[in-house]
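Accompanying notes for the structure given below.
Sequence lines set the chain letters: A, B, ... in the order given, protein chains first and strands last, and positions in each chain run from 1.
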Amino acid sequence: MLDIRLIRENPDMVREALKKRQSDDAVVDTLAALDEKRREILSKVEKLKAERNTVSKEIGRMKDAESRQEKINAMRAVGDKIKALDDDLRDVDTELTSTMATLPNIPSDATPYGVDESENIVLKTVGEIPEFSFEPKTHWDLGPELDIIDFERGVKISGSRFYVLSGAGARLQRALIAYMLDLHIKQGYVEKYTPFMVKTETVYGAGQLPKFVNNLYKDHEEDLYMVPTAEVPLTGYHMDETFEDSDLPKAYTAYTPCFRREKMSAGRDVRGIKRGHQFDKVEMYMFVKPEESDAAFEQMMADAEETVALLGLPYRIHQLCTGDLGFGATITYDIEVWAAGCNEWLEVSSVSNVTDFQARRANIRYRPEDSKRNKFVHTLNGSGMGLPRVMIAIMENYQQEDGSIIVPEILRPWMGGIEVIK
RNA sequence: GGAGAGGUGCCAGAGUGGUUGAAUGGGGCGGUCUCGAAAACCGUUGUAGUCUUCGGGCUACCGAGGGUUCGAAUCCCUCUCUCUCCGCCA
């Protein structure tokens, strides 16, 4: 959510931002009108309330029954007016906030302009794309051959886009989770194990609602959503709280499964484990003071990069352009790893500075030492990696001619010493 | 799932229709005293919205949302959360 003051005082800046994102900027006028109307009603109703408060106090002190009754009658009329105005106000307010909730965040000046993902910028590429003396296989061939991914059973149990990991495959995923969590802890993040189901307000606070309703699984009986990313419970963790200046920064890491309906991507990436309805992820998340968020962004990016680099996979870093930026993000770097079998770069990590966008929605503030007024914190999130895609890259890049897969050295402590999956 | 009790400021805890944004105690902050500290004493200590001649004014907030009333922390309804007991259970 943006600050309504931006619309009031700097509408051109908001229009500009929307255009950069290739969105319609007509809402800005709608919002400006609603805001004005809201304040107009507000000042009327508050004056009436002030009058009622004063007179009601007088009534409490009055002895003379007749003039007392007169005042009561007068205030009854005022009360009716107040009620009518309050109703109007509520309507305007509802419309205003629900419209505000559809506005994306303002892109950072550091985010390059671009219409769509084709204009994202490759910042750097690290590592060699592996050469094979044989035709490298895809993970959807390797997995069943080694009996570590079972697509048919997954479909049998749960339908399309579900699979079962088996034996060393399941263990490899568990090793990755443990490796990442342990690394992030070393990097200074505090581990959290959160609920995987959250309330509507929590999803809203993280900015996933109302925009992504169609991508979420919901238990309608209980008003609970399955988390689409750990970002949601981690944002909600400090919802409606005010930090002391000295409490910040807070850095968290959490493993969660992620549930996504993928309705919007129907038909895309149906093969293999690249895009399932359920996948595991380890997330990094930070709450920082506004003046520290640029530095925190670079730090989190370095941490994410280290996570990929230590696995020995070839990767490249993309900076997203304004047209491809996520809803709440002002700036985003993606990390992609190379997958030798399907011959493509896979997005495994995405680090964003969300500034005060989620904090405003989730009402997360702090008390600045030098200011009387509480301010919203800045939040940052980084997937310290979508696990299936890391699995894909490991399987496809570390495969050998006989169809076996070398386990990256860094993971072996969690693999019970297994060096090769065969 | 059943029965009961309860949610008040940073914390504890009063308050059952009218100068209560809220007693009292503790904590925090500032000060007096002291070589310094403790103790004691004095003062101060919420958030948000909105208007502003930038001094401040006004409005709202006692779990959430409705209702009754001239007036609600106080009365009524719904929801929610916590605690105790019973049942059930990984």
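Inspection of the A/Thr332 and A/Ser352 side chains reveals an N or O donor paired with an N or O acceptor under 3.5 Å. Under 3.5 Å, the side chains of A/Asp334 and A/Ser350 contain a donor-acceptor pair of N or O atoms. For the 3.5 Å distance criterion, the side chains of A/His184 and A/Thr253 fail to qualify, holding no donor opposite an acceptor. In this model, a donor atom of one side chain and an acceptor atom of the other lie less than 3.5 Å apart for A/Thr355 and A/Asn105. A/Thr94 and A/Asp91 are not linked by any side-chain donor-acceptor pair at a separation below 3.5 angstrom, with hydrogens and angles left out of the test.
A/Phe196 and A/Tyr255 have perpendicular rings, their planes meeting at more than 60° on a 0 to 90° scale where under 30° would count as parallel.
Here B/U80 presents its P atom at 13 Å from CD of A/Glu201, a figure rounded to the nearest Å. To the nearest angstrom, C1' of B/G18 lies 10 Å from CD1 of A/Ile59. Whole-Å rounding puts the A/Glu244 CD to B/C29 P distance at 11 Å. If you measure from atom NZ of A/Lys71 to atom C1' of B/C70, you get 11 Å, rounded to the nearest angstrom. A straight line from CD of A/Glu66 to P of B/C70 spans 18 Å, rounded to a whole angstrom. Per the geometry, NZ belonging to A/Lys199 stands 11 Å off P belonging to B/U80, to the nearest Å. For the pair A/Asp245 CG and B/C29 P, the interatomic distance rounds to 15 Å; values are reported in whole Å. In this structure, CD1 of A/Ile82 is placed 16 Å from P of B/C58, rounded to the nearest angstrom.
Taking a pair to require two hydrogen-bonding distances under 3.5 Å in either a Watson-Crick or a G-U wobble arrangement, B/C83 pairs with B/G4. Under the Watson-Crick or G-U wobble criterion, with both distances below 3.5 Å, B/C29 is paired with B/G43. Pairing partner, B/G55: none, since no Watson-Crick or wobble contact has both distances short of 3.5 Å. Across all strands shown, nothing is found opposite B/U69 as a Watson-Crick or G-U wobble partner with both distances under 3.5 Å.
As rounded to the nearest Å, B/U47 and B/G66 have C1' atoms that lie 24 Å from one another. Between B/U69 and B/G18, the two C1' atoms lie 12 Å apart (nearest whole Å). Rounded to a whole angstrom, the distance from the P atom of B/U68 to that of B/C77 is 15 Å. Using C1' as the reference atom, B/C42 and B/C79 are 47 Å apart when rounded to the nearest Å. Comparing B/U82 with B/U8, their C1' atoms are spaced 15 Å from each other, to the whole Å. Nucleotides B/C85 and B/C75 have their P atoms positioned 28 Å apart, rounded to a whole Å. Rounded to whole Å, the separation between the P atoms of B/G56 and B/U19 comes to 26 Å. When the C1' atom is used for both B/A23 and B/U16, the distance is 15 Å, rounded to whole Å.
Glycosidic conformation of B/G46: anti, with the torsion beyond 90° of 0.
At the phosphate of B/U59, OP1 or OP2 sits under 4.0 Å from a side-chain N or O atom of A/Asn53.
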So which protein nitrogen or oxygen atoms get under 3.5 Å of nucleotides 61-69 of chain B's nitrogens or oxygens?
residue: B/U68; atom: OP2; partner: A/Lys83; partner atom: NZ; Å: 3.2

### Summary
For nucleotides 46-52 of chain B, 5' to 3', base contacts (B), sugar-phosphate-only contacts (S) and non-contacts (-) with protein non-hydrogen atoms under 4.0 Å give -SSBSS-
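Nearest-nucleotide positions on RNA chain B for A/Val45 and A/Gly60 put A/Gly60 closer to the 5' end.
Under 4.0 Å is where a charged nitrogen must lie from a carboxylate oxygen, and between A/Asp12 and A/Arg15 at least one such pair does. Ion pair A/Arg8/A/Asp3 not flagged as a salt bridge, since none of the NZ, NE, NH1 or NH2 atoms sits closer than 4.0 Å to an Asp/Glu carboxylate oxygen. Ion pair A/Glu344/A/Lys274 flagged as a salt bridge, since at least one NZ, NE, NH1 or NH2 atom sits closer than 4.0 Å to an Asp/Glu carboxylate oxygen.
A/Lys49 comes within 4.0 angstrom of sugar-phosphate atoms only, judged by non-hydrogen atoms across all strands, and of no base.
Under the side chain to side chain contact (heavy atoms under 4.5 Å, CB included) rule, A/Leu89 has a single partner from A/Glu46, A/Lys37, A/Arg38, which is A/Arg38.
In this view, A/Glu241 and A/His238 satisfy the side-chain contact (heavy atoms from CB on, under 4.5 Å) rule, not counting sequence neighbours.
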